[in-house]
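Some notes on the structure that comes next.
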Amino acid sequence: MRALLWFLALFGLAAGAALLAGNNQGTVTLFLPPYRVDLSLNLVLATLALGFVLLHLALRGLSALFSMPRQAQRWRLQQRERAMHAAVLDALTHQQAGRFLRARKAAEAALQQEEMLAASGHPVQHAGKLRATAHLVAAESAHALQDRTTRETHLQQLLKETEAREAQETREGVQLQAARWALADRDPQAALQWLDAMPQGASRRTLALRARLKATRLSRQTLPALETARLLAKHRAFSPEAAHLILKGLALELIQGAHDPVQLQRAWAELEPAEQTMAEVAIQAGHRLAALEGDVALSRQWLQPVWDELLRAPKLREQVPVLVKLIHALEEGFGAEAGASDLQWLERIEAAQRQHPESAELKYLAGIACLRHQLWGKAQQLLAQAQGRLQDAELRRNAWRALAALAEQRGDSVASQQALREAALL
């Protein structure tokens, strides 16, 4: 449609010009004494138009002729810039492909091209980011090639290039990469220094938190590692199952690292409620407190949520491994006590045994509790019922030993020797 309108407009213009030129009777007279020249007005107008066109073309030609050196220089600069960008792309491509030596050479070639452009007085507008990228690729390639000297050289150049405020994001990436290199060198302290130097917002990003978790675990800083793992779990950096395993492992490590009851209580207070209710964590804390000869009542206070959770389980038989560990922890507490102390726990254990009469483990625990409280007859009955159905070898061994002690108590040396013989065979 637009072409048709242009065609109609040109047709009208041509028709108007033809009418004007065909009826134009004007003349132009030039007096050049003693001569007189008469010219048609149409011829004068055509000559002027043609002269204007020729003059315009001549000026354009001269302009093009005089601008050729400038265009040649611009073309050479363009070629250098293209070669520089091509070198950076080659460096990135070689790095991704694992050809680290080629990647480093390409990055260094890009740096040389940029220096030549800057020396010629025609620096690239984004020269800072380009140099930082090239230095980073060269440093990463040198790290992969185990060339620490070259890596540190490019790292220092990177830090200089990213000192400006507008290069803050690039600097954060450099610091994070330097922390990862330090972790690869098994130097967690250097990695933590790089991470601490990052701004607060950048240090809470997922990649930075992952690096901090590795560094704190390598340096045996269990509590900072646990705090970092909590942040990562909060940011959903792990799956729920992985987060649970990591938090449980760090909590166990924190408890195991305590060397006296006070330190253990301090470590327990550092745990969050969700971590304190983990069965393995609470049982390990109870074991550790008993091993350190701490307060038995406090140990059972830690174990009570696990005990209540197990009894609420719809299928207690599926929780036997955890129940066995819990029984070992409670049994250590019974061994530390004397007389008829802690009747509340005895009542709690007996109520659980009546609630789950099919559980041999609960029968065993009730029997041990009765034995510690000098309820000889009841202890004999419960242990005799339990020892044949216990799945854990250590519990069976302890049951035979308890039966031997009960036989010795009533003066039956034959039964005592037989029970000790059965315990020794396990």
Side-chain angles (χ1 to χ4, degrees), residues 88-89 91-98 100 103-104 107 126 128-148 150-251 253 272:
V88 173
L89 292 176
L92 292 171
T93 303
H94 290 317
Q95 183 187 16
Q96 295 297 323
F100 299 111
R104 187 177 68 180
H126 51 280
K129 291 185 178 180
L130 189 140
R131 285 195 303 269
T133 302
H135 280 300
L136 185 60
V137 173
E140 180 66 28
S141 301
H143 172 74
L145 295 171
Q146 299 296 320
D147 188 354
R148 295 186 181 180
T150 305
R151 185 192 72 187
E152 291 302 319
T153 300
H154 285 287
L155 178 59
Q156 296 303 320
Q157 293 293 328
L158 270 171
L159 294 176
K160 291 181 181 179
E161 294 291 342
T162 55
E163 288 179 350
R165 181 176 299 179
E166 59 270 13
Q168 185 61 40
E169 292 185 0
T170 306
R171 188 178 183 85
E172 294 169 2
V174 172
Q175 291 170 332
L176 180 58
Q177 193 65 28
R180 295 173 63 184
W181 292 337
L183 287 175
D185 294 339
R186 309 297 292 181
D187 189 357
Q189 296 301 327
L192 288 174
Q193 290 177 2
W194 283 112
L195 292 171
D196 292 338
M198 297 178 66
Q200 184 176 4
S203 63
R204 297 177 68 87
R205 294 171 187 165
T206 301
L207 286 177
L209 289 175
R210 285 180 180 271
R212 184 176 292 277
L213 177 60
K214 292 180 182 179
T216 49
R217 297 194 72 173
L218 280 176
S219 58
R220 302 293 182 182
Q221 300 181 24
T222 307
L223 184 57
L226 182 59
E227 294 172 352
T228 305
R230 290 169 183 164
L231 286 175
L232 285 169
K234 183 179 179 180
H235 294 169
R236 298 183 180 180
F238 308 120
S239 63
E241 295 80 8
H244 177 79
L245 291 175
I246 292 173
L247 292 174
K248 181 181 71 175
L250 290 171
E253 186 177 340
E272 293 185 349

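Computed from heavy atoms alone, side chains included, the values below leave out hydrogens, waters and symmetry copies. Note that the numbering runs from 1 along the sequence shown for the chain.
Taking Ala243 as the reference, Ala233, Phe238 meet the side-chain contact (heavy atoms from CB on, under 4.5 Å) condition, with sequence neighbours excluded. Taking Ala225 as the reference, Leu213, Thr216, Arg217, Leu250 meet the side-chain contact (heavy atoms from CB on, under 4.5 Å) condition, with sequence neighbours excluded. For Thr150, the side-chain hydrogen bond (donor to acceptor under 3.5 Å, both in side chains) criterion is met by Asp147, not counting sequence neighbours. Residues forming a salt bridge (charged side-chain N to carboxylate O under 4.0 Å, His left out) with Arg131 (at least two apart in sequence, or on another chain): Glu114, Glu161. The side-chain contact (heavy atoms from CB on, under 4.5 Å) test applied to Leu218 returns Leu183, Arg186, Pro188, not counting sequence neighbours. Take Glu140 and apply the salt bridge (charged side-chain N to carboxylate O under 4.0 Å, His left out) test, not counting sequence neighbours, and it matches no residue. Under the salt bridge (charged side-chain N to carboxylate O under 4.0 Å, His left out) criterion, Lys160 pairs with no residue at all, not counting sequence neighbours. In this structure, Glu272 has no side-chain hydrogen bond (donor to acceptor under 3.5 Å, both in side chains) partners at least two apart in sequence or on a different chain. Contacts of Glu227 classified as side-chain contact (heavy atoms from CB on, under 4.5 Å), with partners at least two apart in sequence or in another chain: Leu223, Arg230. Checked against salt bridge (charged side-chain N to carboxylate O under 4.0 Å, His left out), Asp185 has the following partners two or more places apart in sequence or in another chain: Arg148, Arg151. A search for side-chain hydrogen bond (donor to acceptor under 3.5 Å, both in side chains) contacts involving Gln157 returns nothing, not counting sequence neighbours.
Between Leu176 and Ala208, the closest heavy-atom pair is CD1-CA, 3.8 Å. Minimum interatomic distance between Leu232 and Thr206 (heavy atoms only, all atoms of both residues): CD2-O, 3.8 Å. The two residues Ala103 and Ser141 make their nearest non-hydrogen contact at CB-OG, 3.4 Å. Contact record, Leu209 with Ser203: CD2-O, 3.7 Å, taken as the closest heavy-atom pair.
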Between His143 and Arg180, is the side chain to side chain contact (heavy atoms under 4.5 Å, CB included) condition met? List the steps.
CA-CA 11 Å; His143 172 74; Arg180 295 173 63 184; over 6 Å; no
Begin from the C-alpha positions of Leu245 and Lys248 and carry the test side chain to side chain contact (heavy atoms under 4.5 Å, CB included) through to its verdict.
CA-CA 5 Å; Leu245 291 175; Lys248 181 181 71 175; 4.0 Å; yes
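In this structure, CD on Gln175 lies 7.5 Å from CG on Leu159, to the nearest 0.5 angstrom. Rounded to the nearest 0.5 Å, atoms OG1 (Thr133) and NE2 (His126) are 9.5 Å apart. From Glu152, atom CD reaches atom CG of Leu158 across 11.0 Å, with rounding to the nearest 0.5 Å. With rounding to the nearest 0.5 angstrom, the CZ atom of Phe100 is 12.5 Å from the NE2 atom of His94. Atom OG1 of residue Thr228 and atom CZ of residue Arg210 lie 12.5 Å apart, to the nearest 0.5 angstrom. From Leu226, atom CG reaches atom CD1 of Ile246 across 11.0 Å, with rounding to the nearest 0.5 Å.
Counting only heavy atoms from C-beta outward, the side chains of Arg220 and Glu253 approach each other to under 4.5 Å.
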Which pairs would a plain distance check flag for residues 190-199, meaning a side-chain donor or acceptor within less than 3.5 Å of a matching protein atom at least two apart in sequence or in another chain?
| from | atom 1 | to | atom 2 | distance (Å) |
| --- | --- | --- | --- | --- |
| Asp196 | OD1 | Arg212 | NH1 | 3.2 |
| Asp196 | OD1 | Arg212 | NH2 | 3.0 |

